[in-house]
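Reviewing the structure listed below.
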Amino acid sequence: MFRIISTARLTELDNLASAFPGVRAKCDRLEKELEEAQQRTEELTTAASQDAARFHQEATDLRERTAVEVEEAREAAQRTRQQSNTLIEESARRARNIEFRADEKVRALRAEIEQLKAKMPDPLPEPQGVVTRYENLVGAHIDLTLYATEDPAVTWYKRVDLLLVLLCTGCGHREEETRDEVTDSPEARRSFLNDPYDGAKLKRWAQEHAETCRAVALPHQHSAAPLAPAPATT
């Protein structure tokens with residue numbers, strides 16, 4: 001049985017048949033683009049998986065290296081602490097030894113001082129001829145001693161050679177001034193002692209020396225006696 005189609009329907013079908021090749025081509029293009037997109041997606045997924053695996057491996061390696069470095073640093077710190085403790089103990093031991101030796105030395109010096117004190121006469125004799133005395137910073141004496149040596153060749157009056165000796169009983173510093181062939185009298189001695197180029201000069205030097213010397217006096221260490229003349233050479 002035949003079906004009757006209207007002219008409008010035939011026109012519509014004709015238009016659809018005319019458009020079908022373009023639709024088909026567009027569909028083929030879209031399918032191709034879809035395949036390319038799927039392939040690109042697969043490639044990106046693979047690359048992402050590889051990157052994730054590489055990052056995970058790098059993170060694992062980094063954690064392992066960090067753990068090793070931390071352990072090495074801990075061991076180094078422990079070694080340093082042990083070395084420091086050893087040095088501290090050694091320094092303390094040396095300090096104790098030094099302190100012990102210093103105490104022994106102090107005890108020995110004190111015993112020697114007591115022995116020296118026991119040998120010293122009490123009270124100490126006053127030196128003969130000392131005209132002026134100063135004390136240095138630790139109590140040692142700086143004495144000015146006057147010596148008068150008579151000339152035996154002169155019999156009708158007393159002629160002497162005057163010698164003034166500055167002597168520090170601590171460090172042994174010594175200075176001398178002389179005046180020869182002097183008619184001995186109190187006035188002549190005072191003149192010699194007060195002369196700015198003789199006695200007054202030695203007094204000034206003695207005072208200056210007392211203000212700076214720190215030497216401790218020991219008994220019978222120094223003597224202000226006139227020095228023996230040097231032997232003549234031929």
Side-chain angles (χ1 to χ4, degrees), residues 3 5-117 135-140 142 168-173 208-218 221-222:
R3 184 179 179 183
I5 302 174
S6 64
T7 304
R9 181 62 177 167
L10 290 175
T11 302
E12 183 181 358
L13 292 174
D14 185 55
N15 292 335
L16 290 174
S18 300
F20 180 77
V23 172
R24 182 65 181 176
K26 186 176 181 179
C27 182
D28 292 341
R29 187 173 65 255
L30 291 175
E31 288 180 354
K32 184 176 181 180
E33 291 177 356
L34 179 60
E35 290 177 356
E36 292 177 352
Q38 290 176 346
Q39 184 178 0
R40 180 60 179 167
T41 301
E42 291 177 356
E43 292 176 354
L44 292 176
T45 302
T46 303
S49 299
Q50 293 175 352
D51 290 341
R54 184 171 62 254
F55 175 78
H56 179 71
Q57 184 63 36
E58 291 177 354
T60 301
D61 296 341
L62 179 61
R63 282 195 299 270
E64 292 177 354
R65 287 198 303 271
T66 302
V68 172
E69 292 175 355
V70 169
E71 184 63 26
E72 290 178 350
R74 185 182 296 110
E75 293 177 355
Q78 186 175 2
R79 288 194 300 271
T80 302
R81 184 167 54 253
Q82 291 175 352
Q83 293 175 356
S84 299
N85 292 336
T86 302
L87 291 176
I88 291 173
E89 292 176 357
E90 180 66 19
S91 299
R93 185 182 63 80
R94 291 181 179 179
R96 288 193 297 270
N97 291 337
I98 292 173
E99 184 177 0
F100 177 75
R101 291 196 297 269
D103 290 341
E104 286 187 337
K105 187 65 174 178
V106 168
R107 287 194 294 269
L109 289 175
R110 287 177 177 173
E112 184 177 354
I113 291 173
E114 292 300 327
Q115 292 176 359
L116 291 174
K117 287 181 178 179
E135 283 190 359
N136 70 0
L137 299 176
V138 291
I142 297 93
C168 176
T169 59
C171 69
H173 178 72
E208 293 174 354
H209 183 79
E211 294 173 354
T212 58
C213 180
R214 297 176 181 273
V216 178
L218 295 178
Q221 182 180 11
H222 305 290

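Atom set for the values below is all heavy atoms of this structure, side chains included, hydrogens, waters and symmetry mates excluded.
- Sequence neighbours left out, the pairs with a member in residues 41-50 that pass salt bridge (Lys or Arg N to Asp or Glu O under 4.0 Å) are Arg40-Glu43.
- Closest approach of Ala215 to Cys171, counting heavy atoms only: CB-N, 3.4 Å.
- Residues satisfying the salt bridge (charged side-chain N to carboxylate O under 4.0 Å, His left out) criterion with Asp51, sequence neighbours excluded, are Arg54.
- Residues passing the side-chain contact (heavy atoms from CB on, under 4.5 Å) test with Glu33, sequence neighbours excluded: Arg29, Leu30.
- With rounding to the nearest 0.5 Å, the separation of CZ in Arg101 from NZ in Lys105 is 12.0 Å.
- Going from atom CG of Leu137 over to atom CD of Glu211 covers 8.5 Å, rounded to the nearest 0.5 Å.
- Within the structure, salt bridge (Lys or Arg N to Asp or Glu O under 4.0 Å) contacts touching residues 55-72 (residues at least two apart or in different chains) are Glu71-Arg74.
- With sequence neighbours excluded, no residue forms a salt bridge (charged side-chain N to carboxylate O under 4.0 Å, His left out) with Arg110.
- The structure places CD of Glu36 at 11.0 Å from CD of Gln38, a figure rounded to the nearest 0.5 Å.
- Residues His209 and Cys168 form a side-chain contact, since some pair of their non-hydrogen atoms from C-beta on lies under 4.5 Å apart.
- Here the CD atom belonging to Gln39 is positioned 11.0 Å from the CG atom belonging to Leu44, to the nearest 0.5 angstrom.
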Show every donor-acceptor pair shorter than 3.5 Å between a side-chain atom in residues 84-91 and any protein atom, with sequence neighbours excluded, or say none if there are none.
{"unit_1": "Ser84", "atom_1": "OG", "unit_2": "Thr80", "atom_2": "O", "d": "2.9"}
{"unit_1": "Asn85", "atom_1": "ND2", "unit_2": "Arg81", "atom_2": "O", "d": "3.2"}
{"unit_1": "Thr86", "atom_1": "OG1", "unit_2": "Gln82", "atom_2": "O", "d": "2.9"}
{"unit_1": "Glu90", "atom_1": "OE1", "unit_2": "Arg93", "atom_2": "NE", "d": "3.4"}
{"unit_1": "Glu90", "atom_1": "OE1", "unit_2": "Arg93", "atom_2": "NH2", "d": "3.3"}
{"unit_1": "Glu90", "atom_1": "OE2", "unit_2": "Arg93", "atom_2": "NH2", "d": "2.3"}
{"unit_1": "Glu90", "atom_1": "OE2", "unit_2": "Arg94", "atom_2": "NE", "d": "3.2"}
{"unit_1": "Ser91", "atom_1": "OG", "unit_2": "Leu87", "atom_2": "O", "d": "2.9"}

